[in-house]
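These numbers come from a predicted model, not from an experiment.
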Amino acid sequence: MGALFFILISLGSILGFLINKYTLERPFFDSGPHAYLGMIILLLFAIGVGMGYILSNGHGADNLPKIHMLVNYSGICLVLIQMLLGISLLIEVLGY
């Protein structure tokens, strides 16, 4: 499930970059904090998927499940902030 989630969130970020570049005709990181936070989220979930793979194979230290949970919950919290930034960006682009 983690790998599928990571693939979907990666496709969403690629789509967001392409929309920003070709539809809005802006540079890739022109959306500021929204774009940078998206990269941090992708990195956190990539680490989480890697840890999940190690844990699913029965390997890892005693603290790895706790670190895995911390990384994934941090990513979820950042996704909630990302949604708010995306809504404010959408309002800015639509001109309301």
Can you run down the side-chain hydrogen bond (donor to acceptor under 3.5 Å, both in side chains) pairs that involve residues 74-86, sequence neighbours left out, and say none if there aren't any?
His34-Gln82

For residues Leu89 and Leu85, determine if any side-chain heavy atom of one lies less than 4.5 Å from a side-chain heavy atom of the other.
no

Are Leu90 and Ile87 grouped together when hydrophobic residues (ILVMFWY) are joined by side-chain heavy atoms under 4.5 angstrom apart?
yes

Membership question, hydrophobic clusters at under 4.5 Å side-chain separation (ILVMFWY): are Tyr53 and Phe5 in the same one?
no

From Leu11 atom CG to Leu8 atom CG, the distance as rounded to the nearest 0.5 Å
6.5 Å

What are the two closest heavy atoms between Ile81 and Leu37, and how far apart are they?
CG2-CD2, 3.8 Å

Roughly how far, to the nearest 0.5 Å, is the CD1 atom of Ile14 from the CD1 atom of Ile19?
12.5 Å

If two hydrophobic side chains count as joined below 4.5 Å and joins carry through other members, does Leu43 share a cluster with Leu70?
no

Nearest 0.5 Å, what's the NE2-CG distance between His59 and Leu64?
11.5 Å

Under 3.5 Å: donor-acceptor pair, side chain of Asn20, backbone of Pro27
yes

Can you sort out the partners of Met39 under side-chain contact (heavy atoms from CB on, under 4.5 Å), two or more places apart, ordered by chain and number?
Phe17, Phe29, Leu42

Is there a path of hydrophobic side-chain contacts, each under 4.5 Å between heavy atoms, that joins Leu18 and Val93?
no

Does Tyr73 share a hydrophobic cluster with Met83, counting links as ILVMFWY side-chain heavy atoms below 4.5 Å and allowing steps through other members?
yes

Atom pair CG (Leu44) and CZ (Phe6), whose distance is rounded to the nearest 0.5 Å:
10.5 Å

So CD1 of Ile41 and CG of Leu80: to nearest 0.5 Å the spacing works out to 9.0 Å

Rounded to the nearest 0.5 Å, what's the gap from CD1 on Ile9 to CG on Leu4? Could you check?
11.5 Å

Applying side-chain hydrogen bond (donor to acceptor under 3.5 Å, both in side chains), which residue pairs with at least one partner in residues 62-71 are found, sequence neighbours left out?
His68-Asn72

What do the steps show when you test Val71 against Phe45 for side chain to side chain contact (heavy atoms under 4.5 Å, CB included), and what is the final call?
CA-CA 7 Å; Val71 167; Phe45 283 130; over 6 Å; no

